[in-house]
2 protein chains.
Amino acid sequence: MGRWQPGSRERLEAAALALFSERGYDSTTVAEIAARAGLNERTFYRYFTDKREVLFDGGHFLEGFLTRSVAESPASAGPLDAIIAALEQAATEVFADRLAIARQRQTVIDANPELQERERSKMASIATALARTLRERGVGDPAASLAAETGLTVFRISFALWVAHENTRSLTELIKETMTDLRTITAGP
Amino acid sequence: MGRWQPGSRERLEAAALALFSERGYDSTTVAEIAARAGLNERTFYRYFTDKREVLFDGGHFLEGFLTRSVAESPASAGPLDAIIAALEQAATEVFADRLAIARQRQTVIDANPELQERERSKMASIATALARTLRERGVGDPAASLAAETGLTVFRISFALWVAHENTRSLTELIKETMTDLRTITAGP
DNA sequence: TACAGTGATGTCATAACCTGACATCATCGG
DNA sequence: CCGATGATGTCAGGTTATGACATCACTGTA
C-alpha cells in the first residue's frame with residue numbers, strides 16, 4: 001500500500017452522506033468531509049466542483065444510461081414513449097435495489113434548499129441531454145424538449161412517491177400510473 | 001433629504017443587472033453592486049439572501065399573480081387548463097411590455113450555471129405553489145403536481161422561444177402552440 | 001423644543017467556500 | 001535506478017455570507 005488508498009471519490013461521497021445525515025448539510029464543513037475520508041480539503045475540490053456536487057455524482061451515470069436507452073429505442077416509438085421506456089428501464093435496472101440509500105439521500109436533500117436546487121439542476125441537465133438525443137433521432141423542436149422535460153417531470157413525481165415512507169409499490173408501477181394521470185390531464189375537452 | 005435614498009432594493013437590482021451585463025456575474029462582487037447602489041455590502045444581504053437572488057426578486061410577484069389567477073379560474077376548467085390560462089394572462093399583463101429587459105436578464109442567466117440553477121428553482125417554487133392552489137380547489141394528487149409542473153414546463157419552453165433573438169411572435173401565441181405540441185406528444189397510440 | 005423609540009444602514013470580525021500556485025511523494029516505464 | 005506522471009498536500013488569498021453592535025434619520029409625543 002502506498003501513500004493513497006484507492007477510491008478517494010467514493011470515500012468522499014460516503015463520508016459526505018454520512019456526515020450530512022448525522023449533523024445536517026449546513027453544519028458539515030468540507031474540511032470535515034475530507035478528513036473523514038482521510039483526505040485534504042483541497043483534494044475534495046479536485047473531485048467535486050463544489051460542496052453540493054458530492055451528493056450528485058451518480059447523475060452522470062444516470063444521464064449516460066438514459067441517453068443510451070433512448071438512442072436504442074425502436075424508431076417507431078413516439079418521443080415521450082421513448083423517454084418513459086428509458087425511465088422504466090432505469091427504474092428496474094438502476095434504482096430497484098437502492099431504495100434504502102435513495103431514501104437516506106432524499107432525506108438529506110429535502111432538508112436543504114441548496115440541495116434541492118442542485119437536484120433540479122441535475123434533472124434539467126438530463127432532460128437537456130435526452131432532448132438532444134431525441135433530436136438526433138429526427139424529433140423536431142420544441143417537441144424534443146417538451147417530451148424530455150415532460151418525461152422527467154413524470155419521473156420526478158413518481159420518484160417522490162416511491163421514496164415516500166408509506167410507499168410499498170415499485171417505481172416502475174408508479175411511473176406507469178403517473179403517465180396515465182398525465183394522459184388524462186392533457187386530454188383535450 | 002435624509003441619510004437614505006428610497007428604493008434601495010430597486011437600486012440594488014438595477015445595479016446588479018447592469019454590472020452582470022457589463023462584466024459578467026462571476027467577475028462582479030457583491031461589494032461592487034452595493035457601492036454602485038450607494039450602499040454597503042452588508043446592506044445588500046439584508047435585502048437578498050444571496051448574490052443570485054438579486055436577479056430573481058420578480059419571481060415573488062409572478063408567483064402571487066399566478067396563484068391568484070388560478071384561484072379565480074372557473075370551477076369547470078381542468079387543472080392544466082387553469083394553469084395555462086393563468087400563464088397566458090401573465091403573458092399579456094406582466095411580460096408583454098418587458099421583452100427588452102427579459103432578454104437582457106436572460107442573457108446574463110444563460111451565461112452562468114449558478115443562475116440557471118436558481119431560475120429552475122424559482123420555477124419549481126412557483127409550480128409547488130400552483131399545485132397547492134389546485135389542491136385547494138379539489139384537484140387530487142398527483143394530478144395537481146403534474147398539472148402545475150407540466151404547465152410550467154410549457155411556459156419555460158415558450159418563454160425561451162419568446163426571448164430568442166430571431167423571434168417576433170407573442171408569448172401568448174407561443175404558449176398556445178407549445179400546448180398543442182404537448183397534446184400531440186402525450187396523445188396515446 | 002426635547003427626547004425616546006424605531007428602523008434602515010454602517011462597521012467590524014469571522015467562518016466557510018473556493019481557487020491558484022507550488023511542493024511532495026508514490027507509482028510506472030524504461 | 002531514474003525520470004515522467006499523476007494524486008495529494010501545503011499555503012495564501014479572495015469572495016460569500018452572517019452575527020453583533022454602532023450609528024443616524026425619522027416618528028410621535030410630552
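Every chain is numbered from 1 and lettered A, B, ... according to where its sequence line falls, protein lines coming before strand lines.
Screening B/Thr186, B/Thr150, B/Thr184, B/Asp81 against A/Thr186 for a side-chain hydrogen bond (donor to acceptor under 3.5 Å, both in side chains) leaves a single residue, B/Thr186.
Computed from coordinates, the B/Arg46 CZ to D/dT18 C1' distance equals 10 Å when rounded to whole Å. If you take CG of B/Leu12 and P of D/dT16, they are 14 Å apart, rounded to a whole angstrom. Look at CG on A/Asn40: it is 14 Å from C1' on D/dA12, rounded to the nearest Å. In this structure, B/Glu53 atom CD and D/dA17 atom P are separated by 11 Å, rounded to whole Å.
Around CG of B/Leu99, the count of heavy atoms belonging to other residues, nucleotides or ligands within 6.0 Å exceeds 12.
At a threshold of 4.0 Å, the pair B/Lys122-B/Glu53 counts as salt-bridged, since one of the basic side-chain nitrogens sits closer than that to a carboxylate oxygen. Checked for salt-bridge contact, B/Glu114 and A/Arg52 miss the test: no charged N lies under 4.0 Å from a carboxylate O.
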Pairs under 3.5 Å (N/O, protein and nucleotides 16-19 of chain C):
residue: C/dC17; atom: OP1; partner: A/Lys51; partner atom: NZ; Å: 3.0
residue: C/dC17; atom: OP2; partner: A/Val30; partner atom: N; Å: 3.2
residue: C/dC18; atom: OP2; partner: A/Tyr45; partner atom: OH; Å: 3.1
residue: C/dC18; atom: OP2; partner: A/Lys51; partner atom: N; Å: 2.8

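Legend: residues meeting side-chain contact (heavy atoms from CB on, under 4.5 Å) with B/Arg42, ordered by chain and number and at least two apart, are B/Asn40, B/Tyr45, B/Arg46.
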Legend entry - Derivation of the salt bridge (charged side-chain N to carboxylate O under 4.0 Å, His left out) call for B/Glu119 and B/Arg105: CA-CA 11 Å; B/Glu119 179 159 72; B/Arg105 226 182 71 99; 3.4 Å; yes
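Contact between the side-chain N/O atoms of A/Tyr47 and the OP1/OP2 oxygens of D/dA7 is not found at any separation under 4.0 Å.
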